[in-house]
Structure formats: C-alpha cells, structure tokens
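Some notes on the structure that comes next.
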Amino acid sequence: MDVHGIHRVALMLVVISGISFVSGSEKQNIDRKAENNSELQPKDIVFIVLSQKNPYHEKRAEVFKEDFDAQVQELSERAKPKLIFIHKKHRSVLGAWTVFPLLQTFAEEYADASWLFVCEEETRVDVHKLVKVLQRFDHTKELYLGHPLRDQSPTIIHHYAFHENPSKFAYADWGAGFVLSQSLLAKTGKRWPDKDYKIDFTIDPKHELAKYMYSDAINVTLTPVTELCLVKKSTKCASWYPMKFPDCGPEIPVDDLYIAVKTCAKYHKERISVVKKTWGNDAKNVEYYSDTEDSMIPTINLGIPNTERGHCGKTMAIIKRIQSHPKISHIPWYIIVDDDTIINLRRLRKLLACYNPNFPIHMGEKYGYMVTKNDHGYTYITGGGGMVFSKEAIDVLVLTHRADCPSNDAPDDMILGRTFKAVGLPLVHSPYFHQARPVDYSPEFLSARTAISFHKHWMNDPIQTYQDLIASDESMDTADTEEGETSGAQDSENLKNIDLSHANLKESDVKEEL
C-alpha cells in the first residue's frame, strides 16, 4: 500500500472512532421514545361509560354525552375521541358492568388507541386536562391509573383479601374513572377469559379488577393519579364524581312505599326492637313477616317454616301476597328488607322520585354469579341492602308464574336474579344500597356518596349506624351546574314526558321493550 493509501485508511479510522454504532434493538427504543414523547391527542383516548339500560340512567348518560360533546365540538371528526356507552354497544354482554368480559373486545377494537378511560355515567371528565395528564405517562408500558381507595380493615365483601394489612392494597374508584394503557390492555385482552383466574361471584368489581391486575398473571399495581379526583376540590382535576345523591325533586309520598321486613321468632326481640327504635318510626306501610304470629309486633305468618339460610320460600310468598292483597297491590313501590337492614326511608323515597313505577324496575346493590367469563350466569340484587321493586316488576314475576322457588332455603336474591334474567328484565344497580356494614367499605368511597342502607348488627352498633345514616350530608356539588349541566330535577322533569306505561304487561312485552 502506498503512502496515500495509508493516509486514507488512517483518516477513515479517525472518522470511524467518532461514530457510535447503534444496534437494531437500540434504534427501536430510540424510535419508540420519540414516538411516545410526541403530543398526545384526544383521539388517542377511548372513553368507556358504564351506563345502564333504564330510562333514568339513559337520561343521565345523555347528560354525560352532552357535556362531552361540548368539549370536543371544535375538533374535526377524525380528531375526536371515541365515546362508548355499554348500555348501547355492549348491552348483550351480561357482565359488561364488571369490565372483565369486555377486556378482550376492548383490546381488539381499540388496538390503535394509546389509552382506555373507563368511568361511571355520573363521572365528569375534562377531556383536554386528561390529555395533559396522560402525556406524563408512557402508554407502551403496562400502566393502571386511578384514584386509590384502601380498606381500613379486612372485609367480607373483598373476601378478607390482604387481611394482615388490607390498607397496603390500592384499588381505583370507578366514580373518578380509571385508565388502562395500550400495553396493559393488550396483555389482559390476550389472557382473558383467563382459565387460571377463578372468580365465581362478583361483589365489588372495582376491587376484583385491581386484584386481577395485581395477580401473578398481570403483575401490575395501581398508579395513583391526583388529577383523577373523587371530589372536585381543585381546578387541576381531570375527572371527578360530582353528585353525592340524586336530586329529582321532592321525595315520593309516604303512602307510595310499602316495606316488608323478613324476620323469625328468635330475632323478634333482638332485631325488631331496633327497627322500631330507628327507621321503623318513619314507615307508614310496613309489615313484619315471620314463622310465628306475634301480636305485640305484630307479625304475619305465611305458613313458610323458618330456614337458617336462603329464605326463598318466604320472599316469594311475600311477593305473591303483595301482588294479590287489595290493600297493598295498588302501591307503586315496594322494598323487601332483612330484620337487620338499617335504612333511611326518607332518602329512599327521594331516590325513587327519579324513577317511573310504571316501568318494571328491580333495584339495589348488584352482585353477579358467573358473569365475568360468559353469559351463562346472572346478576342479582343482594338482599341485605334492600331489594326494591316497582309494582310493574312484581306483576311481571307473579303474572308470568315466575314467583316460585326450588326450595324454601334457596337463596332468594339469587333466585330472583335468575328469574328476572329469564324474563328479560335487567337489574338497576344503585351505589347507595350496601350489603355490609360501614366499616366494610373504604371511608373515602362512602364519603363521596350518600348511603341509603347498610346491613348487619354483628360487631356493629345498629342504632349508631342509623344515627350516622340520617345525619350524613346529601348535598350535591354545584360544579357541573355552573358549567352548564342540567340538574337532576330538570332530568326528572324531562322523564315525565316519556311514555313508560306498561299496563297489563306480559313476559313477551318485557322482552320486546328491553
């Protein structure tokens, strides 16, 4: 090699020494980082609203949509985010309210989205603030974001999970909304339905979803985000839960509500005495159903022997009597409660002002049996918090010959849930009814919503619980009204214009309507 060739080689080595070689995988990481740091757009978020198929709740979903549309109206159609209401698009999926059976569908349909935001119909969201919040996070990482709730003590409604230290586990309040990154959604969507994850009963889906994310299969914990607010105390909130309790005008008259109390001889003194010292004083149409007649209360014996559990025979006998008794059958609303249910009846009557009794309604705290992986199970209203029926719903049960039990000790609430599924009548979930005691719920969860009922006297002072129940605040946050949202009273007025008459309702009519 001549001297010029040597010089060229030397020069090449000098140039090469200043170059950093980048491998293929490193280049992919650089490209991905550049992509992630690009500005997030509203269209990169899919909004899922856990809405319900019922006239009042559909109206509330419309209020959500009006507020949402007003925020994105200046965007082009291609730039607008998707807004999905499950009572419309996923109404045929029995367990859609638990989110679990929709994980695979969401992962497939929204694979191009960066984030999935899931919330309740009463949630309010500032779309553009949410975009700014999510710009801080990387959607290619497995992220589960939300407003954290924590249990203060082991609780039966969470199957005593993390009993040694329950407060260490955080789960998102769905009223504030929660967010899944595209990476996490893809991972859960591929695994679901997960044959290794056992979940027969759905009691509190927000806790159960968080536990699944925490499981070895997914291994993701909740990331707290301060801008996902339960109560809007700051202008920084990107989402919040604005309404502690619905306001649809004055409560329904006392005469329009009938209360049936299930009891038995061994609890006449212990439990009925508490009822009469507390909420029983506010009841005009109340009757006590027992296995023996006791003139001091008085009780009604329908000829159904007491059972240690289930009580289906007693409950169905009560329903048949309600439907046929001339002094009761004309009443628009009914509630069946246990003798250890603690309830605020005035507050219940205020809630019922939001609903039309001419529509078949079965309402309370919704549970599910085998609803997360397929549609072979059913939902049901758990009995301890109180089971509310409109007159039309009672007529549907009796006139279609569905008010029967496989045995007297079959679980009444579950049999009713299975029956209403067969008839084609969806259940209405209300977050104001509670199957357990106040201590069994996150304090922050309870503080954002005004309770109607709790259940159980065990390790609990029922009289004090009642005093706390009637003393708690029912006020509504006014932020939404200031921003242009119609009030609950206006929604109630709008509902009056909807024809919901279902006289002489038959099973076929219910299926066609619903």
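No hydrogens, no waters, no symmetry mates; every other heavy atom, side chains included, goes into these values.
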Show your reasoning for whether side-chain hydrogen bond (donor to acceptor under 3.5 Å, both in side chains) applies to T263 and D339.
CA-CA 5 Å; T263 187; D339 52 12; 2.8 Å; yes
Candidate pair N356 and Y56, rule side-chain hydrogen bond (donor to acceptor under 3.5 Å, both in side chains), full reasoning
CA-CA 8 Å; N356 191 329; Y56 169 73; over 6 Å; no
Salt bridge (charged side-chain N to carboxylate O under 4.0 Å, His left out) between E109 and K89, worked out
CA-CA 12 Å; E109 292 189 0; K89 185 166 184 179; 3.0 Å; yes
Step-by-step salt bridge (charged side-chain N to carboxylate O under 4.0 Å, His left out) determination, K80 to E77
CA-CA 5 Å; K80 289 182 179 179; E77 288 303 315; 3.1 Å; yes
So K211 and Y197, side-chain contact (heavy atoms from CB on, under 4.5 Å) or not? Walk me through it.
CA-CA 10 Å; K211 275 186 65 181; Y197 191 70; 3.9 Å; yes
Is there a salt bridge (charged side-chain N to carboxylate O under 4.0 Å, His left out) between D126 and K232 once you walk through the steps?
CA-CA 11 Å; D126 187 316; K232 189 177 183 182; over 6 Å; no
Between L209 and Y171, does a side-chain contact (heavy atoms from CB on, under 4.5 Å) hold up when you go through it step by step?
CA-CA 8 Å; L209 183 66; Y171 54 103; over 6 Å; no
Test ring pair (Phe, Tyr, Trp, His ring centres under 6.0 Å) on Y466 and W279; report intermediate values, then the result.
CA-CA 8 Å; Y466 177 73; W279 61 264; 8.3 Å; no
F106 vs H90, side-chain contact (heavy atoms from CB on, under 4.5 Å): CA-CA, chis, key distance, verdict:
CA-CA 11 Å; F106 288 161; H90 301 290; 3.8 Å; yes
Verify side-chain contact (heavy atoms from CB on, under 4.5 Å) between M316 and L416, making sure each step is shown before the conclusion.
CA-CA 9 Å; M316 291 302 188; L416 281 168; 3.5 Å; yes
Residues H158, Y441; criterion side-chain hydrogen bond (donor to acceptor under 3.5 Å, both in side chains); working and verdict:
CA-CA 9 Å; H158 295 157; Y441 300 87; over 6 Å; no
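Within 6.0 Å of atom CG in D112, 12 or fewer heavy atoms from other residues, nucleotides or ligands are found, so the atom counts as exposed in its surroundings. Atom CG of D216 has 12 or fewer heavy atoms from other residues, nucleotides or ligands within 6.0 Å. Surrounding OH of Y214 are at most 12 heavy atoms belonging to other residues, nucleotides or ligands under 6.0 Å away. Crowding of I156 atom CD1: a count of heavy atoms from other residues, nucleotides or ligands under 6.0 Å not exceeding 12. In the displayed structure, R136 atom CZ is contacted under 6.0 Å by more than 12 heavy atoms of other residues, nucleotides or ligands.
Salt-bridge check for E58 with R91: failed, with every basic side-chain N at 4.0 Å or more from each acidic carboxylate O. Taking 4.0 Å as the cut-off between side-chain N and carboxylate O, E227 and K129 do not count as a salt-bridged pair. Note on K262 versus D412: salt bridge recorded, some NZ/NE/NH1/NH2 to OD/OE distance being below 4.0 Å. Under a 4.0 Å N-O distance rule, the pair E66/K59 does not qualify as a salt bridge.
No donor-acceptor contact under 3.5 angstrom links the side chains of Y367 and D413, judged on distance only. Side-chain contact check for T307 and D409: no donor-acceptor pair (N or O, by modelled atom type) lies under 3.5 Å. Between the side chains of H57 and Y355, a donor-acceptor pair is found at a separation under 3.5 Å.
Contact between A186 and A107 at its shortest, heavy atoms only, is CA-CB, 4.3 Å. The two residues G424 and P426 come nearest to each other via the heavy atoms O-CD, 3.5 Å. Shown here for K350 and P246, the closest heavy-atom pair between the two residues is CE-O, 4.0 Å. The nearest pair of heavy atoms linking G377 to L94 is O-CD2, 3.1 Å. Counting all heavy atoms, side chain and backbone alike, A410 lies closest to I415 at CB-CG1, 4.0 Å. For the residue pair V371 and P101, the shortest heavy atom distance occurs at O-CG, 3.9 Å.
The closest donor-acceptor contact from the side chain of S453 to the backbone of F433 lies at 3.5 Å or more, if one exists at all. In terms of modelled atom types and a separation under 3.5 Å, the side chain of D194 and the main chain of R191 share no donor-acceptor contact. With W458 contributing its side chain and R437 its backbone, the two residues share no donor-acceptor pair below 3.5 Å. Without hydrogens or angle criteria, T379 side chain to G368 main chain gives no donor-acceptor distance under 3.5 Å. Panel note: side chain S183, backbone T140; a donor-acceptor pair is recorded below 3.5 Å. Distance alone, capped at 3.5 Å, places no donor-acceptor pair between the T315 side chain and the C312 backbone. Checking side-chain atoms of H434 against main-chain N and O of F454 turns up no donor-acceptor pair under 3.5 Å. The closest donor-acceptor contact from the side chain of T382 to the backbone of E365 lies at 3.5 Å or more, if one exists at all. E122 places no side-chain N or O within donor-acceptor distance of the main-chain N or O of R60, the cut-off being under 3.5 Å. When atom types are taken as modelled, the side chain of S390 and the backbone of I361 share a donor-acceptor pair closer than 3.5 angstrom.
The side chain to side chain contact (heavy atoms under 4.5 Å, CB included) test with S114 singles out one residue from D138, L185, V46, D44, and that residue is D44. Screening F117, W115, F64 against F47 for a ring pair (Phe, Tyr, Trp, His ring centres under 6.0 Å) leaves a single residue, F117.
Judged as a disulfide (SG to SG under 2.5 Å), the pairs with a partner in residues 119-235 (not counting sequence neighbours) are, in order, C229-C237.
In this structure, F169 has its ring center under 6.0 Å from that of H207.
In this structure, CD in E121 is found 9.0 Å from CG in N54, a value given to the nearest 0.5 Å. Atom OG1 in T223 sits 5.5 Å away from atom CG in L143 (nearest 0.5 Å). Between the OH atom of Y144 and the OG1 atom of T221 there is a distance of 10.0 Å, given to the nearest 0.5 Å. Remark: R124 CZ to M243 CE distance equals 7.5 Å, nearest 0.5 Å. Rounded to the nearest 0.5 angstrom, H455 NE2 and N460 CG are separated by 10.5 Å. Atom CD1 of residue I381 and atom CG of residue L427 lie 4.5 Å apart, to the nearest 0.5 angstrom.
The aromatic rings of W174 and F178 sit tilted, their planes meeting at an angle between 30° and 60°.
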